[in-house]
Engineer: 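Mind looking over this structure? Questions follow.
Residues: numbered from 1 along the sequence shown. As a basis for the values below, the full set of heavy atoms in this structure was taken, side chains included, without hydrogen atoms, waters or symmetry mates.
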Amino acid sequence: MDFERYLHECGDPFMLERLFQVERYAWLALSQGMAAVINLDGQFEDVNPSWERVTGHETGSLRDSYLIEYIHFEDREKALGAMQRLITSDIGSTSFSFRFLDRTGDHRLLNWQAIYSPDHNAYFCVANEVGDAANMEVLAFRDGLTGVRNRLALERDLPMVVDRARDKNDCVLVYFIDLDGFKDVNDTLGHKAGDTLLARVAERLLSCVGDNGTAYRMGGDEFIVLTANCKGRNWAEDLAQDLVKSVGIPYVVEGREVCIGASVGISCYPNNSDSAQDLLEKADKAMYKVKDSGKNGYRFDCKSPCPHNC
């Protein structure tokens with residue numbers, strides 16, 4: 001994109017600036033891995049929420065800090081030299097690895113892919129932990145924004161979980177979670193703040209479910225929690241209450257406190273269906289009944305969530 005030519009043809013610098021912002025946001029949001037825009041001084045201009053998940057550094061603390069602060073002393077010359085060569089040579093992109101300081105004080109070995117954009121006067125970089133990048137299956141079934149498993153993984157996992165439960169005469173619970181008030185955050189604070197919020201929600205869901213199940217992001221502001229370890233009606237309700245309560249605790253995003261809620265619909269194998277697709281649809285239906293009745297709560301699609309006397 002030739003900024004001077006577009007400025008001459010368009011005649012509206014504010015529109016051009018908006019187009020550049022949308023282009024940058026789309027790239028950050030869709031990148032698999034930790035995406036960053038770094039200016040020529042080595043300063044982080046923008047990052048996606050994956051940085052907080054992997055390194056522990058909040059996106060707000062990374063922005064406006066300098067890359068050199070995080071590079072292991074022994075790796076600085078190599079890393080900065082690789083980025084400088086993008087400007088001084090004819091190469092379009094480069095890859096390099098170095099040890100990156102995380103929030104705990106440890107260094108993580110990251111593999112970087114970087115290009116230099118003269119139109120933005122900045123580097124566009126994507127980083128992955130060495131080892132993770134080589135595991136293409138992990139990347140294929142992981143949501144790039146939140147780090148939890150994605151819809152593709154759910155479509156693979158749910159039928160297998162149901163089959164195992166059938167063999168063991170066990171039950172499976174599907175919690176369909178839709179966030180209440182998320183759109184307001186997006187509309188008032190912007191999409192980047194919304195992305196950060198989604199990553200925080202995913203962390204809380206993982207904390208709630210622990211070793212008893214798995215969290216997935218369906219897309220947008222919809223999540224699934226899947227568990228095959230139901231220990232009775234009270235246990236199933238306790239988990240539902242924990243999910244609603246945890247999501248509802250206020251967040252600090254972009255320096256502002258925001259509050260959202262969660263509407264949770266729950267279906268069960270074998271009481272609802274033995275079909276993975278039916279279980280998702282019934283949980284979705286139960287979730288919308290929560291929405292219709294006031295939001296920020298939970299509802300089972302069946303009277304008894306599991307066959308174990310509950």
Engineer: Quick check against the 3.5 Å criterion: does W51 have a side-chain atom that pairs as donor or acceptor with the backbone of E58?
Structural biologist: no
Engineer: Please examine the side chains of Y116 and M83, heavy atoms only from C-beta on, and report whether any two atoms are closer than 4.5 Å.
Structural biologist: no
Engineer: Could you go through residues 276-288 and list every donor-acceptor pair under 3.5 Å that involves a side-chain atom there, pairing it with any protein atom two or more places apart or in another chain?
Structural biologist:
residue : atom : partner : partner atom : Å
Q277    : NE2  : E281    : OE2          : 3.3
D278    : OD2  : S273    : OG           : 3.3

Engineer: Holding to side chain to side chain donor-acceptor pair (under 3.5 Å), I want the full list of residues that pass it with N296, two or more places apart in sequence or in another chain.
Structural biologist: none
Engineer: Any salt bridge (Lys or Arg N to Asp or Glu O under 4.0 Å) involving residues 181-190? Give me the pairs, sequence neighbours left out, ordered by first then second residue.
Structural biologist: K183-D187
Engineer: Quick check on side-chain contact (heavy atoms from CB on, under 4.5 Å): which of I266, N272, L226 does V174 satisfy it with?
Structural biologist: L226
Engineer: Is there side-chain contact between T55 and M34, with at least one heavy-atom pair below 4.5 Å?
Structural biologist: yes
Engineer: When rounded to the nearest 0.5 angstrom, what is the spacing between NZ in K291 and OG in S263?
Structural biologist: 4.0 Å
Engineer: Does a side-chain heavy-atom distance below 4.5 Å link I260 with V201?
Structural biologist: yes
Engineer: Looking at residues at least two apart in the chain, or sitting in another chain, which of them share a side-chain contact (heavy atoms from CB on, under 4.5 Å) with R149?
Structural biologist: A153, R156, D157, T214, Y216
Engineer: Evaluate the side-chain proximity of I115 to Y123: yes if any heavy-atom separation is below 4.5 Å, no if none is.
Structural biologist: no
Engineer: Distance-only, no hydrogens or angles: does the K78 side chain make a donor-acceptor pair with backbone N or O of S97 under 3.5 Å?
Structural biologist: yes
Engineer: With R164, which residues qualify under salt bridge (charged side-chain N to carboxylate O under 4.0 Å, His left out), at least two apart?
Structural biologist: none
Engineer: Check step by step if ring-ring contact (aromatic ring centres under 6.0 Å, His included) holds for H120 and F124.
Structural biologist: CA-CA 9 Å; H120 296 82; F124 282 60; 5.0 Å; yes
Engineer: Report yes if some heavy atom in the side chain of D64 is under 4.5 Å from a heavy atom in the side chain of Q43; otherwise report no.
Structural biologist: yes
Engineer: Could you list the residues that satisfy side chain to side chain donor-acceptor pair (under 3.5 Å) with T104, not counting sequence neighbours?
Structural biologist: D102, D106
Engineer: State whether the side chain of D46 and the backbone N or O of V37 hold a donor-acceptor pair below 3.5 Å, judged by distance alone.
Structural biologist: no
Engineer: Would you please classify the geometry between the F100 ring and the W112 ring as parallel, tilted or perpendicular, with 30° and 60° separating the classes?
Structural biologist: tilted
Engineer: List for me each residue that meets side chain to side chain donor-acceptor pair (under 3.5 Å) alongside D41, sequence neighbours excluded, and say none if there are none.
Structural biologist: none
Engineer: Which heavy atom in G56 sits nearest to a heavy atom in R103, and how many Å separate them?
Structural biologist: O-CD, 3.0 Å
Engineer: Can you give the donor-acceptor pairs under 3.5 Å from side chains of residues 244-254 to other protein atoms, not counting sequence neighbours?
Structural biologist:
residue : atom : partner : partner atom : Å
Y251    : OH   : R204    : NH1          : 3.3
Y251    : OH   : V247    : O            : 2.8
E254    : OE2  : R63     : NH1          : 3.3

Engineer: Are any side-chain N or O atoms of S61 and backbone N or O atoms of H57, one a donor and one an acceptor, separated by less than 3.5 Å?
Structural biologist: no
Engineer: Donor-acceptor pairs are to be reported for all side-chain atoms of residues 67-76 against protein atoms at under 3.5 Å, with residues two or more places apart or in another chain.
Structural biologist:
residue : atom : partner : partner atom : Å
E69     : OE2  : Y66     : N            : 3.0
Y70     : OH   : S65     : OG           : 3.0
H72     : ND1  : E74     : N            : 3.1
E74     : OE1  : R99     : NH2          : 3.2
D75     : OD1  : R99     : NH2          : 3.0
D75     : OD2  : R99     : N            : 2.9
D75     : OD2  : R99     : NE           : 2.8
R76     : NE   : I68     : O            : 3.4
R76     : NE   : I71     : O            : 3.1
R76     : NH2  : I68     : O            : 3.4

Engineer: Can you confirm whether V209 sits close enough to L243 that some side-chain heavy atom of one is under 4.5 Å from a side-chain heavy atom of the other?
Structural biologist: no
Engineer: Quick one: side-chain contact (heavy atoms from CB on, under 4.5 Å) partners of T227, sequence neighbours excluded?
Structural biologist: L173, Y175, N212, N229, W235, L239
Engineer: If you apply the rule side chain to side chain contact (heavy atoms under 4.5 Å, CB included), what do you find for I177 with I224, and how did you get there?
Structural biologist: CA-CA 6 Å; I177 304 159; I224 296 289; over 6 Å; no
Engineer: Sorted by first residue and then second, give each salt bridge (Lys or Arg N to Asp or Glu O under 4.0 Å) pair with at least one member in residues 193-203; sequence neighbours left out.
Structural biologist: E52-R200
Engineer: Which residue pairs pass the salt bridge (Lys or Arg N to Asp or Glu O under 4.0 Å) test with at least one member in residues 210-228, sequence neighbours excluded?
Structural biologist: D143-R217
Engineer: Please report the closest heavy-atom contact between T196 and P49, naming both atoms and the distance.
Structural biologist: N-CG, 3.7 Å
Engineer: I would like to know whether D301 and S267 meet side-chain hydrogen bond (donor to acceptor under 3.5 Å, both in side chains); could you show each step before the answer?
Structural biologist: CA-CA 5 Å; D301 188 63; S267 64; over 6 Å; no
Engineer: Give a yes or no on whether R166 atom CZ has more than 12 heavy-atom contacts from other residues, nucleotides or ligands under 6.0 Å away.
Structural biologist: yes
